[in-house]
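Side chains included, hydrogens not; waters and symmetry mates left out as well; all remaining heavy atoms used. A, B, ... follow the sequence lines: proteins, then strands. Residue 1 opens every chain.
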Amino acid sequence: MIEIDHITKTYGDINAVDAVSMVIETGTITVVVGTSGSGKTTLLRMINRLVEPTSGEVRINGEPTHAVAPYLLRRRIGYAIQGHGLFPHQTVARNIASVPRLLDWPTDKINARVDELLSLFGMDPAEFRDRYPQELSGGQQQRVGVARALASRPDLLLMDEPFGALDPIIRARAQDDLKEIQRKLGSTIVLVTHDMDEAIRLGDRVGVMDGGKLVQYAPPEDIVERPASGFVANMVGDAERPMRLLSLIPVGDLTEDGAAEGAMLPDTASLRDALSACLWTGRDAVPVERDGAQIGRVTLAAIRHRVGQHA
Amino acid sequence: MILRLALLGLLLGLVLRPHAFVWMFEPFAPDRSTAIYDRASLLSLSLNHLALVAAASLAATIVAVALAIFVTRPAGAPFRPLSRTITNIGQSFPPVAVLALAVPALGFGARPTLVALFLYGLLPIFENALTALSTLPPRTMEAARGMGLNRWQRLAQVELPLAAPVILAGIRVSVMIALGTATIGSTVAARTLGEPIIAGLLTNNTAFVLQGGLIVGLFAVLIYDAFVQIENRLLDRRRKPVARKVA
């Protein structure tokens with residue numbers, strides 16, 4: 001568990017981060033979203049003390065971060081940034097091995113870990129181990145950047161706009177991959193972004209920052225359905241809200257008995273997919289399946305009713 | 001490659017078997033017996049010349065790189081303008097003047113030459129090292145810090161390796177300057193390849209001048225080439241664009 005306790009950073013007269021408190025549960029993804037200058041990156045960088053807080057403290061599993069030397073603290077916290085920041089003079093394997101090497105892991109353990117991570121990220125170790133970062137595509141570089149941040153099995157992974165430099169299609173894939181890897185490894189991740197879509201897609205909880213303050217910290221459904229302020233509502237985007245909400249709810253939640261025609265959707269698909277299927281085929285309901293067998297249907301009326309509940 | 005070998009062969013011939021080249025220098029000499037400089041062995045002059053250049057360049061490299069590292073640390077930043085001024089002054093002094101000033105203090109011979117070459121070699125190395133160390137990719141540096149490398153680890157494992165090709169280019173320029181400037185050392189009795197050149201100028205013997213000049217020139221070309229090769233090797237893999245696609 002990561003506890004951020006009334007943390008403040010002051011530059012001159014301005015509070016870049018103003019008394020922010022939040023609790024991050026182990027094994028979850030927390031996304032901090034905000035416009036540029038909202039203090040979200042400063043907040044992130046105070047967790048691994050790349051920026052020293054003016055006041056307040058951060059505790060990781062109860063232990064205050066200021067009790068350890070910054071460079072030792074950082075070896076326990078993974079850090080992935082936009083544009084990956086890989087070392088251009090080192091091979092992929094050496095890049096990934098950076099932190100384990102600092103921690104003096106034995107060589108065979110390091111090598112095994114590098115291969116394990118490359119495989120996990122869908123990159124054949126034999127093919128990529130000895131390549132240099134410049135020889136990879138943007139998406140591959142980004143994956144190596146995240147693999148490097150995860151290499152030493154850190155308590156916590158900090159990500160600063162990790163997908164910012166990727167094109168939309170690769171970005172969507174990278175987000176899915178991250179979510180899947182996070183579930184597999186049970187990592188705790190704090191990710192900073194300016195993209196509300198990304199926040200809703202990835203976050204178990206989403207924190208919205210504005211002018212250095214944390215204006216709302218809640219599960220993504222709440223952010224969409226019950227924005228705490230006009231600013232949050234604006235970030236969510238009024239016109240996008242129904243669709244964003246639907247994209248968060250699995251069809252399994254609204255499945256009812258009954259028959260429907262057309263292609264079946266898995267019960268893990270979102271209501272947004274169901275709505276889209278209804279609109280596209282002109283039908284009032286879509287059949288829902290689990291493990292290949294139809295378990296019921298989702299109707300347009302049920303979707304409409306669910307969206308109407310927010311008030 | 002063939003050209004390189006040919007130049008190397010020519011150089012070795014000129015240094016080791018100078019008398020085989022009588023035909024080449026004869027037209028420029030007053031008479032056949034004085035076509036080849038034989039008051040001292042060209043081999044020993046060459047080795048001495050190279051040793052002087054190597055010693056001066058090595059010292060200049062150590063001092064210049066150390067200075068550049070110092071002024072790119074937060075603690076050394078205030079000294080940056082001052083250090084630039086000092087190295088610039090070193091460069092703007094004519095080498096002959098440095099020699100003239102150094103002789104009373106250090107006597108005749110190799111020592112004043114070393115001082116002149118050292119001062120002369122500082123600037124290009126310092127300027128390149130400073131540029132290289134202060135224009136490192138910020139994302140890479142941020143990642144290095146964020147991963148928990150301490151200052152020394154960042155310097156040794158990230159900053160210096162990344163800056164190496166540019167620093168090496170500075171050393172190359174500095175060595176080239178030193179190779180040529182070392183010939184002037186012979187005016188204060190340092191044993192360098194300037195000896196035949198000065199002897200030739202004094203006795204109006206163009207053959208001697210050509211001989212000394214040609215050997216220095218060939219050394220310069222070959223050493224330059226060797227530096228470029230090393231620099232390219234360092235940059236080779238880093239530069240490679242996204243070539244192979246993943247299947």
Side-chain angles (χ1 to χ4, degrees), chain A residues 41 44-45 47-51 68-91 94-103 122-124 127-128 130-141 143 145 148-149 151-152 154 158-160 165, chain B residues 65 68-69 72-75 128-129 131-171 227 229-247:
Chain A
T41 296
L44 187 82
R45 290 161 58 98
I47 298 176
N48 66 357
R49 291 178 67 194
L50 281 171
V51 171
V68 222
Y71 69 94
L72 293 175
L73 173 74
R74 291 179 201 138
R75 289 176 193 176
R76 288 171 30 197
I77 300 177
Y79 189 51
I81 54 178
Q82 181 180 4
H84 63 75
L86 294 174
F87 299 141
H89 61 297
Q90 296 181 352
T91 60
R94 232 182 127 72
N95 262 292
I96 296 178
S98 298
V99 180
R101 250 196 346 264
L102 290 174
L103 298 172
M123 297 168 78
D124 176 18
E127 191 188 341
F128 287 99
D130 298 320
R131 297 254 197 113
Y132 282 79
Q134 289 66 29
E135 300 169 312
L136 307 179
S137 69
Q140 291 165 344
Q141 290 173 336
R143 275 182 271 165
R148 178 174 70 175
S152 64
L158 304 179
M159 307 181 90
D160 189 358
Chain B
V65 172
I69 290 172
T72 48
R73 301 308 101 179
N128 274 34
T131 311
L133 288 173
S134 46
T135 56
L136 294 165
R139 299 243 162 238
T140 305
M141 294 312 299
E142 159 110 2
R145 221 154 77 82
M147 268 190 305
L149 277 80
N150 63 33
R151 284 167 183 219
W152 288 112
Q153 288 164 333
R154 288 206 296 275
L155 181 65
Q157 296 176 23
V158 183
E159 297 180 50
L160 285 179
L162 284 179
V166 180
I167 296 180
L168 208 60
I171 298 175
F227 266 106
Q229 299 273 332
I230 301 173
E231 284 162 39
N232 283 342
R233 185 151 303 176
L234 283 178
L235 282 173
D236 205 18
R237 299 224 53 175
R238 288 187 216 170
R239 259 194 210 136
K240 209 171 275 180
V242 184
R244 288 162 285 180
K245 283 261 169 171
V246 203

Contact origin within Arg49(A) toward chain B - heavy atom pairs under 4.5 Å
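Looking at Arg49(A), nothing touches chain B.
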Heavy-atom contact with chain B under 4.5 Å, split by part of Arg148(A):
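Side chain only.
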Supply the atom-to-atom distance Arg75(A) CZ to Asn150(B) CG, rounded to the nearest 0.5 angstrom.
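Arg75(A) atom CZ to Asn150(B) atom CG measures 6.0 Å (nearest 0.5 Å).
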How long is the span from the CZ atom in Arg145(B) to the CG atom in Asn48(A), to the nearest 0.5 Å?
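Going from the CZ atom of Arg145(B) to the CG atom of Asn48(A) covers 8.5 Å.
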Kindly say whether Ile81(A) contributes a backbone atom to a donor-acceptor pair with the side chain of Arg139(B) at under 3.5 angstrom?
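No, Arg139(B) side chain to Ile81(A) backbone: no donor-acceptor pair under 3.5 Å.
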Is a donor on one side and an acceptor on the other found under 3.5 Å between the side chain of His89(A) and the backbone of Gln157(B)?
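Confirmed, His89(A) side chain pairs with Gln157(B) backbone.
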Take Gln82(A) and Glu142(B), measure what side chain to side chain contact (heavy atoms under 4.5 Å, CB included) needs, and give me the verdict at the end.
CA-CA 11 Å; Gln82(A) 181 180 4; Glu142(B) 159 110 2; over 6 Å; no
Looking at Arg73(B), I'd like to know if its CZ atom is crowded, meaning that more than 12 non-hydrogen atoms belonging to other residues, nucleotides or ligands lie closer than 6.0 Å.
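Yes.
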Can you see which heavy atom on Gly85(A) is nearest to which on Ala143(B), and at what distance?
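The answer is O-CB, 3.4 Å.
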Who wins among Leu102(A), Leu72(A), Leu73(A) for the most heavy-atom pairs under 4.5 Å with chain B?
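Top option by heavy-atom pairs under 4.5 Å: Leu102(A).
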Are the side chains of Tyr71(A) and Leu149(B) in touch, meaning some heavy atoms are under 4.5 Å apart?
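In short, these two side chains do not touch, never coming nearer than 4.5 Å.
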